[in-house]
Amino acid sequence: MIGASSLPVRRDGGRSAILEHLVALVFALTVAGYPIAGLLSAGFSLPSEAASMPFRALVDGLAVLLTVLTLRSGRMRWPALLLLGLLICYLLRVTWDAHIQGIERADTILIFFIAVVLIPCFSLMVGARVWSDDIAAKWMLIIGGIVSVSALMLDWSGLATSHSLTQATGRLSTDTVNPITLGHVAVSALLAIYCLLSVQMQIKKKCALVAVAVICLVCLAKTGSKGPLVSVMVAVFFLVAIGRVPWTSFFLLVCLGAVVFGVYGESIIDRFLTIEQDESTAIRIELTRDALEQIASMPWYGSAFLELKSQKYPHNLVIEAMMALGIPLGILFLALCFYGVFRVFQLQRQRTKTTFLALIFIQYFVAGFFSGSLYGSASLWCALALLCNFPKLGRINEYRMQEGSIQSSPARIG
């Protein structure tokens, strides 16, 4: 490892608590916050840049602040260094495609990747040691709840003037926020609610969480998106595998889900039943075939960050990594993802409080095989960055003793 002395904090842990909220807020905004800007644009008939640019500036400003406050004491483990190197290689790939190959929109995507993925990812990497699972779940609940409520209100009120996909397919969306994104934000909020329901709290608070869970389930059902539903199912299997299932909360959410999908889930159920005739599935199969041909044409260094025939990403992050960076770096990306899976199970065996982070990583790791692009998959990159640089259990205890707060909050980190 490389690093310096630990971050100086007050004996009462005040600065440490601020950093825990800051790293949780940056993570939650990066994973679930960007649809807020899109929904604002749709609701007030604004150009998408009018809301998205200030929002990106806000997230990047918080990320830079987190980096400044934690960089001096940050330790970079070797998996984190490999991940950082891979991100830089991808940055160079998109830069080459923008300025040498002249691929259309590549310069815009380059700026998007830096702002939405690279800056938050690095800040979370260096701030991994101040991670608090409970605080992160609370922030995700707030932001995911805002997105789910806003999307449903726009749909039911008719205020959104740009929702052509909803009109054409019946799937909840606007022209600035697609149904897959809304579905995944709803799933992230549901995972946060699940983790928070297992914490001791007053019955009134639990009832409020259940009410928000119903809203998120309705949002998920109305998006009609297969990927988010598959992701949450795999997350449930993970909870069963590690034996971390409070069965009362589990059956409550399952029953709520069954009721909600019985009322609002006709679209998504039909898409699963008619998957062979689903147009989006056929398009993705064709994109995958063309991307594999592109990999075969330039296997070592990659050819472009987009599939050149369609000028689209192939909706599978591993195939896309090999297409953009070559097979060796594509295998490195897959190896780092599997290291994240290994780290998830390792941290659960050590009884550390990282269940929410584990669930978010699993959600977006599974999602990466069905949809999304490397330049837009900030959720996966950021969850993986935290796992790659998360301190070992012995290091966690050492940090707590150095910060003088081990007696007051023995389980706050990890």
What are the two closest non-hydrogen atoms of [X] and [Y], and how far apart are they?
X	Y	result
Ala63	Pro120	CB-CA, 4.0 Å
Gly38	Thr174	O-OG1, 4.5 Å
Leu191	Val232	CD2-CG2, 4.3 Å
Leu154	Leu39	CD1-O, 3.6 Å
His21	Trp139	ND1-NE1, 3.2 Å
Gly183	Thr223	N-CG2, 3.7 Å

Tell me, do [X] and [Y] make a side-chain contact under 4.5 Å, heavy atoms counted?
X	Y	answer
Val64	Ser123	no
Gln348	Phe238	yes
Val126	Met76	yes
Ser52	Arg56	yes
Tyr194	Leu239	yes
Phe342	Leu387	no
Leu110	His99	yes
Leu87	Trp381	yes

Quick check: does any side chain N or O of [X] sit under 3.5 Å from a backbone N or O of [Y], one acting as donor and the other as acceptor?
X	Y	answer
Gln294	Leu306	yes
Asp97	Ala304	no
Thr354	Leu357	no
Gln346	Val341	no
Ser225	Pro179	yes
Glu307	Lys309	yes
Arg93	Ala324	yes
Lys206	Leu197	yes
Ser173	Asn178	no
Asn389	Met125	yes

Quick check for you: to the nearest 0.5 Å, what is the distance between [X] atom [atom1] and [Y] atom [atom2]?
X	Y	atom1	atom2	result
Leu229	Phe370	CG	CZ	11.0 Å
Lys138	Ser132	NZ	OG	8.0 Å
Ile109	Tyr313	CD1	OH	9.5 Å
Ser303	Gln101	OG	CD	7.5 Å
Leu374	Phe113	CG	CZ	8.0 Å
Leu332	Tyr339	CG	OH	13.0 Å

Are [Y] and [X] an aromatic pair, judged by ring center distance below 6.0 Å?
X	Y	value
His184	Tyr364	yes
Phe333	Tyr90	no
Trp96	Phe305	no

Verify side chain to side chain donor-acceptor pair (under 3.5 Å) between Gln363 and Ser188, making sure each step is shown before the conclusion.
CA-CA 8 Å; Gln363 175 192 349; Ser188 297; 3.0 Å; yes
Take Thr288 and His315 through the test side chain to side chain contact (heavy atoms under 4.5 Å, CB included) and record every step on the way to the result.
CA-CA 8 Å; Thr288 299; His315 290 274; over 6 Å; no
Does Leu308 form a side chain to side chain contact (heavy atoms under 4.5 Å, CB included) with Gln311? I'd like the steps, not just the answer.
CA-CA 5 Å; Leu308 293 174; Gln311 296 287 300; 4.1 Å; yes
Assess whether atom CD of Glu104 is packed by more than 12 heavy atoms of other residues, nucleotides or ligands within 6.0 Å.
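Atom CD in Glu104 is not packed in, count stays at 12 or less.
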Kindly determine whether Leu182 and Leu220 satisfy side chain to side chain contact (heavy atoms under 4.5 Å, CB included), including the steps that lead there.
CA-CA 7 Å; Leu182 287 176; Leu220 173 60; over 6 Å; no
Go through the steps to decide whether Leu29 and Leu25 satisfy the test side chain to side chain contact (heavy atoms under 4.5 Å, CB included), and finish with yes or no.
CA-CA 6 Å; Leu29 286 172; Leu25 180 57; 3.8 Å; yes
